[in-house]
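Each remark here refers to the structure printed beneath this line.
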Amino acid sequence: MTTTEARPAVPPVERSKRRISINPRQSGIYVAFALIVVLFEVLTGGALLEPQNISNIIVQNSYVLILAIGMILVIISGHIDLSAGSVVAMTGAVSAVLMVNSHVPWFLAVLITLVVGAAIGAWQGYWVAYFGIPAFIVTLAGMLAFRALTLTVLGNQGIGPFPDAIRTLSNGFTDGYLGNIGLGPLGGADLVSLLAGVAAVAGIVFTQWRKRMGRLGYGQDVDPFGVFVLKLAGIAVLVLALVVQLARFKNLPWVLILLAALVLGYSLVAGKSVFGRHIYAVGGNLQAATLSGVKVKQVTFWIFVNMGVLAALAGIIFAGRLNQAGPTAGVNFELDAIAAAFIGGAAVQGGVGKVVGAITGGLIMAVINNGMSLIGAPSERVMLVKGVVLLAAVAYDIWTKRRAAS
């Protein structure tokens, strides 16, 4: 009778290094985004990724991306906001009356407008959180009411022009403080923009390395080191390629810097703070969150306050870009923000989603709009494609859930 020797146990850290963790639900959106970009780059004959066009995509869709950041938090908590577009119009009108008609200094007018947005969010948050009316009904009423107030404030006419500072924030670019440097066949590019890109890559590498070491410290699964390096290299190439293209045109748009700060800040809030964990808990399982001591009403209330503030910021940006506040501003903006959140991986039932995913979903919609415009597609075809993409994203989310359950 022979006996076999027992194989030594593999240490948790070594075992974790040998596994490649791929979450199709989280990774699918980025693969889809890459494929869509490649598709339209081919269809447009290379025009999609031209420096000026990349800049146009960012500037022209900045307000939707700002709304998507707030909307993803609302959807994660299990609610919805149908009034965002009307709040954009309302707050844009308030900022125009303050800056143009009343000659209030722009920085003070911006602050007052953000407070008005917070007050609108608090109004809606009260009815949802403390009175128990479903968010769908409250925000649907808000969509009608704030649109009516916009017409009242503006007198059914546009107000403009806006101060130079607001127009610069919406449409302007950073100055070439250190001049341009040569990039061979690519021509010249702003040095400050390039340094900002390098700093962004360094920050991404640092945070991902810390995350990896933390997971290894707890014996959790991580990608092999080679795969980890390849992923970081891919991210670095994409970021630097984007920055180089922007630096070749008119440097970095100011609104892109604002968006980067918002994405970083809200990603930290959603992923690292107690309030962020409470948002996921409320959307994931309301009863369990209540029993665990989460102050559900307060969390819901402040989510809508935050949505109001971001809608006000988007209203200022949009009005500054057009150089006037108009009564039809913000039409269907809430639908674009909701679509961006769901395309970016948010779950219909709540409890799932990321800020970066919502931004990616918004960029997918932006690339579709821009790419189909470049190839001369009619507007009805653009709407058809966007609808199919939204349906496909939600269907993919449900399919991955069923697959995981089975």
Side-chain angles (χ1 to χ4, degrees), residues 23-29 65-84 87 121-122 124-140 142 262-263 265-311 334-362 390 393-405:
N23 188 334
R25 195 169 167 195
Q26 295 180 358
S27 303
I29 179 63
L65 298 179
I66 292 173
L67 288 178
I69 295 174
M71 191 66 71
I72 189 69
L73 298 182
V74 173
I75 292 175
I76 289 172
S77 67
H79 299 288
I80 201 74
D81 187 353
L82 300 178
S83 68
V87 177
Q124 298 193 120
Y126 167 78
W127 293 107
V128 175
Y130 295 102
F131 209 80
I133 302 177
F136 181 90
I137 301 300
V138 172
T139 58
L140 179 60
L262 290 175
V263 170
Y266 277 92
S267 295
L268 291 174
V269 169
K272 301 295 183 181
S273 70
V274 174
F275 181 71
R277 290 193 290 270
H278 286 177
I279 294 175
Y280 283 96
V282 170
N285 191 322
L286 180 60
Q287 184 176 4
T290 304
L291 294 176
S292 299
V294 176
K295 297 178 180 179
V296 175
K297 294 181 179 180
Q298 290 186 17
V299 171
T300 302
F301 176 80
W302 286 110
I303 286 172
F304 279 94
V305 172
N306 175 73
M307 185 71 238
V309 172
L310 289 179
E334 65 278 348
L335 300 183
D336 288 336
I338 292 170
F342 283 128
I343 292 174
V348 179
Q349 297 84 359
V352 176
K354 289 185 177 181
V355 172
V356 175
I359 294 296
T360 305
L390 175 59
V394 176
Y396 180 78
D397 174 66
I398 295 175
W399 176 75
T400 52
K401 281 182 181 179
R402 291 177 178 175
R403 185 181 179 185

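The shortest side-chain heavy-atom distance between I359 and I69 falls under the 4.5 Å cut-off. Looking only at side-chain heavy atoms (C-beta outward), D81 and E334 stay at 4.5 Å or farther from each other. The side-chain heavy atoms of L82 and I338, taken from C-beta on, include a pair separated by under 4.5 Å.
Considering every non-hydrogen atom in both H79 and V128, the closest pair reads CE1-CG1, 3.9 Å. Smallest separation of non-hydrogen atoms from N285 and A288: OD1-N, 3.0 Å. The two residues I72 and A346 have their closest heavy-atom pair at CD1-CB, 3.5 Å. Between N306 and G70, the closest heavy-atom pair is ND2-CA, 4.2 Å. The shortest heavy-atom contact between I75 and A341 is CD1-CB, 3.5 Å. Residues A337 and L67 come closest through the heavy atom pair CB-CB, 3.8 Å.
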Side-chain donor-acceptor pairs of residues 274-284 under 3.5 Å, sequence neighbours excluded:
from : atom 1 : to   : atom 2 : distance (Å)
R277 : NH1    : K272 : O      : 3.3
Y280 : OH     : G353 : O      : 2.4

Could you pull out every donor-acceptor pair under 3.5 Å between side chains of residues 298-305 and any protein atom, sequence neighbours left out?
from : atom 1 : to   : atom 2 : distance (Å)
T300 : OG1    : V296 : O      : 3.0

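Here the CD1 atom belonging to I29 is positioned 12.5 Å from the NZ atom belonging to K354, to the nearest 0.5 angstrom. Rounded to the nearest 0.5 Å, atoms CG (D336) and CG (L390) are 10.5 Å apart. From I133, atom CD1 reaches atom CD of Q124 across 11.0 Å, with rounding to the nearest 0.5 Å.
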